[in-house]
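For reference, the structure discussed in these notes is given below.
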There are 2 protein chains.
Amino acid sequence: MEGDARKRPVTIADIAAATGVAVSTVSRALSRPSRVSAATRERIQAAARDLDYVPHPPARALASGRTGTVALVVSDVTNPFYFGMIRGTQQQLKAAGYAHLLIDTEDSADHEIAMLHTMRRSLDGAILGASRLPARALVALAAEIPLVTVNRNVRGVPSVVIDTPAGIAQAVEHLVSLGHRSIVYVSGPTQSWSNQARWQAMKAALDRHHLPAARVGPFPSGRGSGVAAADAVVNTGATACVAFNDLFALGMLVRLRERGVAVPADLSVVGCDDIFGADFSNPPLTTLTAPIEQAGRMAVSLLVSRLDHRAPQPQRRAVVLPTYLTVRESTGPRP
Amino acid sequence: MEGDARKRPVTIADIAAATGVAVSTVSRALSRPSRVSAATRERIQAAARDLDYVPHPPARALASGRTGTVALVVSDVTNPFYFGMIRGTQQQLKAAGYAHLLIDTEDSADHEIAMLHTMRRSLDGAILGASRLPARALVALAAEIPLVTVNRNVRGVPSVVIDTPAGIAQAVEHLVSLGHRSIVYVSGPTQSWSNQARWQAMKAALDRHHLPAARVGPFPSGRGSGVAAADAVVNTGATACVAFNDLFALGMLVRLRERGVAVPADLSVVGCDDIFGADFSNPPLTTLTAPIEQAGRMAVSLLVSRLDHRAPQPQRRAVVLPTYLTVRESTGPRP
DNA sequence: TCGGTGGTGACAACCGTTTGCCAAGTGTTG
DNA sequence: CAACACTTGGCAAACGGTTGTCACCACCGA
C-alpha cells in the first residue's frame with residue numbers, strides 16, 4: 001500500500017521524527033551501523049524500510065565529498081576494443097557499489113583533460129582506457145583526481161597494462177616458423193602508446209631473427225582503415241603482417257577478399273586484442289588474445305582499494321597482464 | 001602559473017569576494033546570464049576564469065534538483081546490440097550537456113526496478129534499452145523518473161521502437177521468393193518484448209503465404225545459444241530460418257560450419273539488427289538492418305526535450321524507426 | 001518636482017547529509 | 001562507593017550552490 005505518490009520525498013529527518021532520535025543518529029545508523037547500538041539501529045532501519053526511504057546521493061556527496069561514481073574514459077565508444085573494458089569495469093564497479101559513468105573523449109587529448117577537470121568534483125576516480133595524454137598532463141591530472149590507466153604506463157600513476165609486446169614476439173616466432181621472411185607491421189595512430197610499444201616489440205623480435213623491420217601506416221583508428229592498410233601491405237610484397245589491432249585486421253580481411261588476395265595462402269594476417277568478431281571472421285583471425293575484460297576489472301580493483309582505505313598504503317602500482325597467441329586460420333605457410 | 005595546487009577549491013563565494021558582489025549574483029551570472037547586467041556578468045566571468053572556478057555538480061544538484069545526468073539502462077552490456085545504443089546515446093547526451101551513466105540490470109527485472117528506484121534522485125532521466133519490466137511496473141517507474149523506452153511500447157511512456165516486425169515481413173518475402181517453404185523462427189528470451197513482436201510478425205507473414213509457422217527455442221540471450229539453436233533448426237528439417245537476433249545467427253553460423261551444414265546451400269539464415277560483425281562473418285549475414293544508433297540518439301532527444309522545457313508540451317510520444325533487409329550471403333535458393 | 005516603472009543585485013532560506021565535538025549514561029574497576 | 005573509561009546519541013555547523021523576495025536605483029513622463 002505505498003500508493004501515497006506525489007509526496008515530498010522521505011528524508012532522514014522523517015525517520016528521525018518517526019523513531020524519536022536525532023538525524024545524526026539516523027545518518028550514522030544508516031552509514032556506519034557499528035557506531036550505534038543494535039536496538040536503535042534496528043528501529044531506525046525498520047522505520048527507513050517502512051517509509052521507503054531512499055538516500056539522496058547528491059546530498060551525500062556534498063556533505064561527504066564522496067560521490068560513489070567512477071568514470072571510464074575511452075577515446076571512442078565505437079571501438080569494440082572498449083567493449084570488453086566497459087563490461088569488465090561495469091561488473092567490478094557494480095560489485096563495489098559504485099556507479100559507472102562513461103566518458104568519450106573523441107580521440108582528443110584536450111577533450112580528455114577538459115572533461116576530467118570539469119567533472120572531477122562529481123567523480124571519486126577515473127579509469128583511463130588508452131589515454132592520449134602526454135605524460136606530464138597525466139601526472140597533473142592524477143593530482144586532481146584518483147586515476148588508474150590501462151595500457152599506458154606513466155611513473156606515478158597506477159596502471160594495468162596488457163603485455164601485448166610479449167605477445168608480439170610470439171606472433172613473430174609463429175610467422176617465422178611458418179617460413180615468412182618478409183613481415184610488415186601495420187601501424188596505428190601515432191599518439192597511441194600501445195602502437196608504439198607494439199612496433200618496438202616487433203622490431204626487436206624481427207631483429208632477433210635478423211629480419212628487416214618494415215611498417216606501413218600510420219592509419220587512423222577504425223575498421224575503415226583496413227582497406228588502405230590492406231592495399232599498402234600488398235604493395236610491400238610482404239608475405240605476412242601483424243596489425244596494430246583486430247579492427248584493422250578485420251578490415252583488411254574484407255578488403256583482401258575483395259581484391260582476390262587469399263588469406264592465408266597469399267598473405268598471413270595476425271591481429272591484436274582478440275575482440276568480438278575475431279573468431280568468426282572469414283577466415284577466423286589469428287590474434288593476440290588480450291584479457292581486456294580482466295584488465296577492466298583489475299583497474300577498478302586498483303582504484304577502489306585506493307579509494308576505500310583512507311590510508312594510502314603502498315600497493316602494486318602497475319600490474320601487467322599476459323597475452324597469448326591464438327592461432328586460427330588467417331596465418332599459414334609462406335606462399 | 002596555476003601551480004597553487006593542494007588549495008581549497010574555488011567556490012562562487014570566492015568569486016563574489018573578488019568582484020565585490022553577492023554570491024547570488026555570481027550564481028545567476030553563471031547560470032542565467034541574462035538575469036544580470038552585461039558589465040557585472042563580464043566581471044564575474046572574468047574572475048571565474050582567473051580563479052579557475054569549476055562548478056560543483058553535487059551542490060548544484062542538491063540545490064536545484066537537476067543532476068545533469070541521464071542513465072542508459074541495458075540488460076547486458078555484453079550484448080553487441082547495445083553497442084550502437086551506447087554510442088548513439090553517448091553522442092547525443094554529450095551534445096546536450098548531460099553525463100552518461102551506464103547501468104546493467106543483468107537481465108533481471110527486479111534489478112532494473114531496484115537500481116532505478118535507488119538512483120532516481122541522482123538522475124534527471126533514464127533511457128531503457130529493451131526493458132524487461134512488466135507494463136504496470138514500467139508505468140509506475142515512469143511516475144518516479146522521466147523515462148524513454150527503446151523497443152518497448154507501453155502506453156504513457158514515450159518510446160522509440162525499431163520496426164523490426166515490418167522488416168521481418170520483408171525477410172519472409174525474400175525467403176519465399178527464393179523458394180523456401182519451411183521457415184522456422186529461432187526464438188529468444190520469452191520476456192523479451194522484441195522477441196514476441198518478431199514472432200508475431202513472422203507468423204503473420206507466413207500466414208499470408210499459407211505457410212506453417214514454426215519456431216524453436218526459446219533460447220537464452222547470448223552467442224552461446226547459437227549452437228543449441230543451430231542443432232534445433234537442423235532437426236526441424238527447415239530450409240531457412242529467421243533468428244531472433246544477430247547474436248544467435250552468428251553463433252549458429254559457427255555451429256553449422258562445424259557440423260558441415262553449408263550456408264546458404266543447405267540452410268538459409270537471416271538475422272536481426274545488423275550488429276558489428278554481421279558483415280564480415282562467414283558467410284556475411286543477411287539481416288534486418290536496424291538503425292540502433294539513431295534509436296539511441298532519438299531516445300535522448302525525446303528525453304532531453306522533455307527535461308529542458310518545464311512546460312511538458314504535448315509532443316511525439318512514440319517514434320517508430322524503419323528497418324530494411326540487407327541481403328548478404330547467408331541466404332540463397334532452396335536446396 | 002514627484003510618483004511610477006523596469007531592471008539590477010543583495011539577503012537569506014533552503015536542498016539532504018555528514019561529522020566534529022560534547023554531554024549524558026553505562027558498566028567496570030580499585 | 002567513587003573515579004574512570006567507554007558507549008551512545010544529540011547539537012549544530014558545514015558542504016556549495018539556487019532561488020523567491022524585496023530594496024534600491026535611475027530614468028521616465030506628467
Side-chain angles (χ1 to χ4, degrees), chain A residues 7-45 47-48 51-69 97 118-124 307-308 310, chain B residues 7-45 47-48 51-69 118-124 307 310:
Chain A
K7 289 267 303 175
R8 183 180 53 73
V10 180
T11 73
I12 54 171
D14 297 324
I15 302 185
T19 54
V21 300
V23 297
S24 54
T25 307
V26 176
S27 171
R28 279 193 268 265
L30 263 26
S31 41
R32 219 175 336 305
S34 63
R35 185 65 181 67
V36 126
S37 73
T40 341
R41 189 195 319 148
E42 301 273 286
R43 251 185 338 130
I44 292 178
Q45 288 173 343
L51 269 39
D52 188 27
Y53 166 74
V54 176
H56 190 166
R60 203 187 278 246
L62 177 57
S64 70
R66 282 170 267 107
T67 62
T69 302
T118 306
M119 314 201 63
R120 92 198 120 136
R121 309 289 304 275
S122 45
L123 258 30
D124 282 352
L307 258 31
D308 280 358
R310 40 273 298 129
Chain B
K7 289 268 304 176
R8 184 180 52 74
V10 180
T11 73
I12 55 170
D14 298 324
I15 302 185
T19 55
V21 301
V23 297
S24 54
T25 306
V26 176
S27 171
R28 280 195 260 267
L30 262 26
S31 41
R32 220 175 334 307
S34 63
R35 186 67 181 67
V36 127
S37 72
T40 335
R41 189 195 320 148
E42 302 273 285
R43 249 184 339 130
I44 292 179
Q45 287 173 345
L51 269 42
D52 188 28
Y53 166 75
V54 176
H56 190 167
R60 202 190 281 251
L62 177 57
S64 70
R66 283 170 267 105
T67 61
T69 303
T118 307
M119 314 200 64
R120 93 197 119 136
R121 310 289 304 276
S122 44
L123 258 31
D124 282 351
L307 260 32
R310 41 272 298 127

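Only a predicted model underlies this, so the values are computations on that prediction, with no experimental measurement involved. By convention in this document, chain letters (A, B, ...) are assigned in the order of the sequence lines, proteins followed by strands, and residues within each chain are numbered from 1.
Taking every heavy atom of both residues into account, B:Y53 and B:I12 meet most closely at OH-CG2, 3.4 Å. Residues B:G65 and B:D124 approach most closely at O-OD1, 4.1 Å, considering heavy atoms. Here the closest heavy-atom approach between residue A:A59 and residue B:L62 is recorded as CB-CD1, 3.7 Å.
Each end of the helix from C:dT1-D:dA30 to C:dG30-D:dC1 yields a helix axis from five base pairs, and these two axes differ in direction by 50° (to the nearest 10 degrees).
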For nucleotides 5-7 of chain D, list the nitrogen or oxygen atoms of the protein found under 3.5 Å from its nitrogen or oxygen atoms, one pair per line.
none

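Between the side chain of A:T67 and the backbone N or O of A:S122 there is at least one donor-acceptor pair closer than 3.5 Å.
Looking at residues 14-22 of chain B, you'll see B:G20, B:V21, B:A22 sit with a heavy atom under 4.0 Å from some atom of DNA chain C.
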Fill in the blank from the handout: In B/S/- notation (B base, S sugar-phosphate only, - none; protein heavy atoms under 4.0 Å), nucleotides 16-27 of chain C written 5' to 3' is BBBBB-------
Exercise for the section: Please step through side chain to side chain contact (heavy atoms under 4.5 Å, CB included) for the pair B:R43 and B:T40, ending with a clear verdict. Expected result: CA-CA 5 Å; B:R43 249 184 339 130; B:T40 335; 3.8 Å; yes
Scan the side chains in residues 19-30 of chain A for donor-acceptor partners under 3.5 Å anywhere in the protein, sequence neighbours excluded, and list what turns up.
from, atom 1, to, atom 2, distance (Å)
A:T19, OG1, A:I15, O, 2.8
A:T19, OG1, A:A16, O, 3.4

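Shown here are the side chain to side chain contact (heavy atoms under 4.5 Å, CB included) partners of B:R121, two or more places apart in sequence or in another chain: A:P9, A:H56, A:P57.
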